[in-house]
There are 2 protein chains.
Amino acid sequence: MNERQRESTGFLLKQRAFLKVFLITEIEQGRSYGLQLRDILLTHFQAYGFKPHHSEIYHSLHELTEAGILRKREELEEGAKYKKLSIYTIEDEEKAKAYKKLVKADLDRCQGLINKALSHNYA
Amino acid sequence: MNERQRESTGFLLKQRAFLKVFLITEIEQGRSYGLQLRDILLTHFQAYGFKPHHSEIYHSLHELTEAGILRKREELEEGAKYKKLSIYTIEDEEKAKAYKKLVKADLDRCQGLINKALSHNYA
DNA sequence: GTATGAACACACTGTTCATAA
DNA sequence: TTATGAACAGTGTGTTCATAC
């Protein structure tokens, strides 16, 4: 989370924050695991050229877990083989909402910044 | 410049590119120098929390000059003291336009990406 | 104090490597 | 192959230092 990211030079949103709100949103709608979440991400954002590496997804999930927002549980998936999945669910709904709210403010700011750049430089 | 920035994971625009198009736009409207350009930048973008350090401005100006887009000329400013300024003007109008066009495509993409994030996560 | 620039340090992200089933 | 994770490496950016006037 790192509240000291305020008081930076404040350019655009960090990828990590972008990923975290996406992950929270998806997990709010049901249990899920790393690579599955990445697949969902790609269906939504690959059209915009965004295709983060799997390590970024895992790193984000780990940080959200350490922050007490998500809970991780390992499960054995029945199937042709026994595969161990790391299933994530929401641990603290309040913290999740608070974090999403924080990032929304930054997304709004970025939207303004980019719109301003477009109108200023391409009038 | 660096055309190989295509085929990255393509998150948001780099600050350097943002600064470069701003600098080109301002310099197209008249000769100017580093810290003056930074002041103009702040009047437009500080409201969005963007306040880049002066070294970033200089670095951007240097790169644009190396790329043959800008031309640098040192001048002595008359005043209470003789102060040496680095005045920039457009060196190659075509290259400047081409670069701005390139970055506009990325700005448009970012606009879409952010709008998508807002609608997806905050429906 | 203003102006320019370089050098250094760090944070973020991307690639590679390791392990398991 | 899918899945998870760690370790490493590189790039961009922020801070500090140096110089001049």
Side-chain angles (χ1 to χ4, degrees), chain A residues 1-20 23 31-42 49-66 70 72-88 106, chain B residues 1-20 23 31-42 49-66 70 72-88 106:
Chain A
M1 296 317 82
N2 263 324
E3 317 304 341
R4 56 112 181 84
Q5 75 191 37
R6 303 306 101 196
E7 247 31 74
S8 69
T9 56
F11 186 53
L12 297 176
L13 186 74
K14 291 286 182 292
Q15 173 174 289
R16 192 69 52 83
F18 183 100
L19 285 177
K20 284 178 181 174
L23 294 169
R31 55 201 285 296
S32 196
Y33 66 95
L35 289 195
Q36 188 180 58
L37 289 160
R38 181 170 188 265
D39 285 342
I40 299 170
L41 180 78
L42 292 189
F50 183 43
K51 191 180 176 180
H53 213 262
H54 74 267
S55 59
E56 277 298 305
I57 306 284
Y58 288 125
H59 205 152
S60 301
L61 288 169
H62 298 340
E63 285 188 4
L64 286 169
T65 305
E66 286 167 27
L70 296 184
K72 175 185 164 181
R73 185 174 72 252
E74 302 201 340
E75 282 188 18
L76 291 175
E77 187 194 38
E78 302 284 337
K81 313 163 186 178
Y82 284 76
K83 197 173 293 179
K84 197 165 55 179
L85 298 180
S86 293
I87 303 293
Y88 288 90
D106 217 23
Chain B
M1 302 313 90
N2 264 329
E3 317 305 340
R4 55 114 181 81
Q5 75 193 36
R6 304 306 103 195
E7 246 32 72
S8 68
T9 57
F11 186 52
L12 297 176
L13 186 75
K14 292 285 181 293
Q15 173 173 291
R16 192 69 52 85
F18 183 100
L19 286 176
K20 284 178 180 174
L23 294 170
R31 55 201 283 297
S32 195
Y33 65 95
L35 288 195
Q36 188 180 59
L37 289 161
R38 181 169 187 266
D39 285 343
I40 299 170
L41 181 79
L42 293 188
F50 184 43
K51 191 180 177 181
H53 213 261
H54 75 268
S55 60
E56 277 298 304
I57 307 285
Y58 288 125
H59 205 153
S60 300
L61 288 168
H62 298 340
E63 285 188 4
L64 286 169
T65 304
E66 286 167 26
L70 297 183
K72 175 184 164 183
R73 184 175 71 251
E74 301 202 339
E75 282 189 18
L76 290 175
E77 187 193 39
E78 303 283 338
K81 314 163 187 178
Y82 284 76
K83 197 173 292 181
K84 196 165 55 179
L85 299 179
S86 293
I87 304 293
Y88 288 90
D106 217 25

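Each chain gets a letter, A, B and so on, in the order the sequences are listed, and its residues count up from 1.
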Quick one: is [X] getting a side-chain N or O under 4.0 Å of the [N] phosphate, OP1 or OP2?
X	N	value
A/Y33	D/dA3	yes
B/Y58	C/dG5	no
A/Q15	C/dG14	yes
B/K14	C/dC12	no

Just the rounded figure in Å: distance from [atom2] of [N] to [atom1] of [X].
X	N	atom1	atom2	value
A/R38	D/dT2	CZ	C1'	13 Å
A/Q36	D/dA3	CD	P	8 Å
A/F11	C/dC12	CZ	P	16 Å
A/R16	C/dC12	CZ	P	8 Å
A/H59	D/dA9	NE2	C1'	15 Å
B/Y88	C/dG5	OH	P	5 Å
A/F50	C/dC12	CZ	C1'	13 Å
B/H53	D/dT16	NE2	P	8 Å

TODO: Starting at CD of B/Q36, measure out to CG of B/L41 and round the result to the nearest 0.5 Å.
DONE: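 That separation rounds to 12.5 Å.
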Task: Partners meeting ring pair (Phe, Tyr, Trp, His ring centres under 6.0 Å) with A/Y88 (sequence neighbours left out) - done: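 Partners of A/Y88 under the ring pair (Phe, Tyr, Trp, His ring centres under 6.0 Å) test: none.
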TODO: Could I get the full list of ring pair (Phe, Tyr, Trp, His ring centres under 6.0 Å) partners for A/H54, not counting sequence neighbours?
DONE: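 So A/H54 forms a ring pair (Phe, Tyr, Trp, His ring centres under 6.0 Å) with A/Y58.
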Task: Side-chain heavy atoms of B/E63 within contact of B/K20, under 4.5 Å - done: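 The answer is yes; the side chains approach within 4.5 Å.
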- [ ] Taking the side chain as every heavy atom from C-beta outward, state whether A/E56 and A/L19 have any pair of such atoms under 4.5 Å apart.
- [x]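 Side-chain contact under 4.5 Å: yes.
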Open item on the list: If I compare all heavy atoms of A/L13 with all of B/F11, which pair ends up nearest, and what's the gap?
Closed with: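 So the minimum-distance heavy-atom pair works out to O-CE2, 3.5 Å.
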TODO: Can you see which heavy atom on B/L61 is nearest to which on B/G34, and at what distance?
DONE: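 Minimum heavy-atom separation between B/L61 and B/G34: CD1-CA, 3.9 Å.
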Interface polar pairs with nucleotides 6-8 of chain C, N/O, under 3.5 angstrom:
none

- [ ] Looking only at side-chain atoms of A/L85, point me to the closest of C/dG5, D/dT4, C/dT15.
- [x]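 So the nucleotide nearest the side chain must be D/dT4.
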